[in-house]
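Accompanying notes for the structure given below.
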Amino acid sequence: MNQLLFDGRSLVGIVSSIIRQNELHVNFNRIDWERMYRIADYHKVANIVYLAILGYSESVPERWRERFFGRYQESLQFGENYKESIQEVLAWLDARNISCTVLTSEIVREFYRIPEAADTSPLRIYLDEGSYTLAKGYLIDLGYEVEATYEGTGERFSRISAIPVELYYAFPFRAARYIKEMRRLVESACEREGYKRIHALSVESEFVYRMASAAYRYVTDEVTMREIIELQVFHKTFRDRIRMDAVQKRLKDFEIDGLAEKLLRISYMWFGDRKDTYYDGLPEDMSVYDILEERLLTRGIINHETDSQALKLEKSVRKELEKEKKGERIRQLKAKMKERFESAMRVLRWIFPDYHYMASIYPILEKLPVLLPVFWVSRGIRLLIRIMKR
């Protein structure tokens with residue numbers, strides 16, 4: 001078995017035991033803890049793993065036990081500060097009449113059985129490009145620093161003891177249909193309670209956003225285990241308020257309704273309560289879930305994709321990326337040609353200075369400007385002789 005796949009499945013086993021609060025069935029002695037930490041950190045579940053290893057500390061090298069504890073401690077501190085941080089940022093935006101939409105609510109962390117198992121999720125805000133500059137300036141004044149740049153879409157900001165903030169002036173998707181449908185979602189947002197200019201998606205729309213985002217990131221091999229966990233937590237908490245027929249209709253507009261349903265189902269298979277009958281029984285064809293699991297856990301290194309919607313979306317993203325690369329090559333070519341043209345013009349201006357400069361050297365030109373070409377030649381010969389004497 002591919003080692004990355006083995007480690008991924010071990011990680012699912014560890015995390016699901018904490019999420020479900022049941023017995024752990026993992027051989028800790030077979031785990032390479034350095035590799036496990038890196039995988040868990042990538043999937044944003046290192047704090048959950050720390051809870052699992054508390055009773056097996058002798059099996060985990062001290063160095064890596066401390067690294068897991070560090071992530072756990074961050075989660076604890078985040079839980080203490082995130083509400084105040086969110087209120088601080090949103091209140092400032094609202095007070096300055098900066099209209100924006102919160103894409104994913106922070107409330108999902110309230111529904112973990114163990115609060116410290118929740119993620120240190122950023123506050124994700126979508127706003128127009130003009131307002132983006134103002135909001136970015138405010139965050140920097142507050143002590144936030146740019147942690148990551150999402151080319152052409154936005155940036156992530158972080159500050160010690162505060163919630164990370166992601167600002168977007170464009171949707172982080174490279175697919176025309178996705179962007180169109182995301183705009184529709186944002187346009188449906190309503191005022192967030194307690195604010196005048198801050199908008200938030202309804203529970204149903206936010207679930208569509210989470211499902212569509214997970215499906216997109218799945219085909220780009222970026223989706224994390226944490227996103228899969230939060231699909232399950234969010235859906236389980238709100239499924240009595242979510243009209244799944246309406247959700248499926250919206251996801252069909254994205255052309256990922258089948259793929260999104262598979263992701264939701266595997267989230268229940270991995271992290272759902274065994275007593276939960278929402279998905280009663282195993283699917284008839286488990287091979288499609290094996291393919292999904294292998295790709296997800298190995299970040300696309302093992303990829304035997306057969307889902308038609310995944311393949312179509314992947315093709316669409318790849319086509320857009322190729323289009324962007326082609327556009328970038330054209331821009332670089334134009335910039336190079338412009339640079340060469342400007343360089344050539346500088347040489348020409350040096351060889352053939354303008355009339356005013358030449359008249360300052362040869363005053364006779366003020367009376368006989370027609371002689372300008374003659375004096376260009378005269379100046380050129382004089383400069384050439386000077387160079388040859390050197």
Side-chain angles (χ1 to χ4, degrees), residues 41-44 46-47 67 70-110 118-174 179 182-183 185-187 189-201 206 209-210 213 216-217 220 222 224 226-227 230 324 328 331 335:
D41 200 43
Y42 171 83
H43 283 286
K44 305 183 186 303
N47 60 319
R67 297 287 291 275
R71 292 305 190 201
Y72 171 76
Q73 201 168 36
E74 285 177 12
S75 182
L76 285 178
Q77 293 171 348
F78 182 89
E80 295 170 357
N81 300 320
Y82 79 98
K83 289 182 179 178
E84 291 78 6
S85 296
I86 289 172
Q87 186 177 2
E88 179 184 31
V89 173
L90 296 184
W92 183 90
L93 294 173
D94 197 51
R96 284 151 183 80
N97 294 318
I98 296 178
S99 182
C100 64
T101 301
V102 178
L103 295 174
T104 54
S105 65
E106 69 284 358
I107 196 172
V108 69
R109 70 174 289 110
E110 305 289 340
D119 187 24
T120 53
S121 299
L123 174 64
R124 296 184 177 92
I125 297 175
Y126 177 82
L127 64 179
D128 65 70
E129 202 161 350
S131 299
Y132 177 90
T133 305
L134 294 174
K136 177 179 177 177
Y138 164 69
L139 290 176
I140 291 173
D141 289 344
L142 274 183
Y144 281 85
E145 296 181 354
V146 177
E147 183 180 326
T149 299
Y150 310 126
E151 189 175 352
T153 60
E155 293 168 296
R156 178 186 173 103
F157 303 83
S158 63
R159 189 185 75 183
I160 296 173
S161 300
I163 187 171
V165 178
E166 290 182 354
L167 296 181
Y168 293 97
Y169 56 84
F171 294 109
F173 307 107
R174 287 180 170 89
I179 293 171
M182 284 297 173
R183 285 202 185 105
L185 275 182
V186 168
E187 286 168 2
C190 301
E191 285 183 8
R192 180 162 167 151
E193 187 177 354
Y195 299 96
K196 294 180 179 179
R197 305 287 289 176
I198 310 299
H199 300 81
L201 300 176
E206 182 174 342
Y209 177 87
R210 287 179 179 271
S213 180
Y216 181 91
R217 287 168 59 78
T220 57
E222 297 171 305
T224 64
R226 177 64 71 173
E227 290 170 81
E230 297 208 335
E324 287 180 12
E328 182 59 29
R331 282 192 293 274

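Every heavy atom of this structure was used, including side-chain atoms; hydrogens, water molecules and symmetry mates were not.
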- Gap separating the OH atom of Tyr144 from the NZ atom of Lys136, nearest 0.5 angstrom: 15.5 Å
- Task: Answer yes or no: is there a side-chain heavy-atom contact under 4.5 Å between Val108 and Arg210?
- Result: yes
- Sequence neighbours left out, what pairs pass side chain to side chain donor-acceptor pair (under 3.5 Å) with at least one residue falling in residues 86-104? Thr104-Arg124
- Query: Counting only heavy atoms not in Glu328, do more than 12 sit closer than 6.0 Å to its CD atom?
  - Reply: yes
- Message: Any heavy-atom pair between the side chains of Asn47 and Leu76 that's under 4.5 Å?
- Response: no
- Are the side chain of Tyr216 and the backbone N or O of Arg174 linked by a donor-acceptor pair below 3.5 Å? yes
- Note on the structure: Rounded to the nearest 0.5 angstrom, the CG-CZ distance for Leu103 and Phe171 is 6.5 Å
- Query: With a 4.5 Å limit on heavy-atom distance, are the side chains of Val102 and Leu90 in contact?
  - Reply: yes
- Task: Specify whether Tyr168 and Tyr150 have parallel, tilted or perpendicular ring planes, treating 30° as the upper limit for parallel and 60° as the lower limit for perpendicular.
- Result: parallel
- For residues Pro164 and Phe78, report the shortest heavy-atom separation together with the two atoms involved. CD-CE1, 3.8 Å
Under 3.5 Å, side-chain donor or acceptor atoms of residues 127-134 against the rest of the protein: list the pairs with distances, not counting sequence neighbours.
{"residue": "Asp128", "atom": "OD1", "partner": "Gly130", "partner atom": "N", "Å": "3.0"}
{"residue": "Asp128", "atom": "OD1", "partner": "Ser131", "partner atom": "N", "Å": "2.8"}
{"residue": "Asp128", "atom": "OD1", "partner": "Ser131", "partner atom": "OG", "Å": "3.2"}
{"residue": "Asp128", "atom": "OD2", "partner": "Ser131", "partner atom": "OG", "Å": "3.1"}
{"residue": "Tyr132", "atom": "OH", "partner": "Glu155", "partner atom": "N", "Å": "3.3"}
{"residue": "Tyr132", "atom": "OH", "partner": "Glu155", "partner atom": "OE1", "Å": "2.6"}

- Could you grab the distance from atom CD of Glu106 to atom OH of Tyr82, nearest 0.5 Å is fine? 6.5 Å
- By side chain to side chain contact (heavy atoms under 4.5 Å, CB included), which residues pair with Glu74, not counting sequence neighbours? Arg71
- Message: Nearest 0.5 angstrom please: Ile198 CD1 to Leu93 CG, how far?
- Response: 5.0 Å
- Out of curiosity, Ser75 OG to Arg109 CZ, how far, rounded to the nearest 0.5 Å? 5.5 Å
- Any residue meeting side chain to side chain donor-acceptor pair (under 3.5 Å) with Ser121, in chain and number order, not counting sequence neighbours: Asp119
- Task: Report the residues that fulfil side chain to side chain donor-acceptor pair (under 3.5 Å) with Glu147, sequence neighbours left out, ordered by chain and then residue number.
- Result: Arg156, Ser158
- Quick one: OH on Tyr126 to NE2 on His199, what's the gap to the nearest 0.5 Å? 13.5 Å
- Applying side chain to side chain donor-acceptor pair (under 3.5 Å), name anything that partners Thr153, two or more places apart in sequence or on another chain. none
- Query: Is the backbone of Asn81 close enough, under 3.5 Å, to the side chain of Ser85 for a donor and an acceptor to pair up by distance?
  - Reply: yes
- Task: Look only at the side chain of Arg217 and the backbone of Glu222, and say whether a donor-acceptor pair between them is shorter than 3.5 Å.
- Result: yes
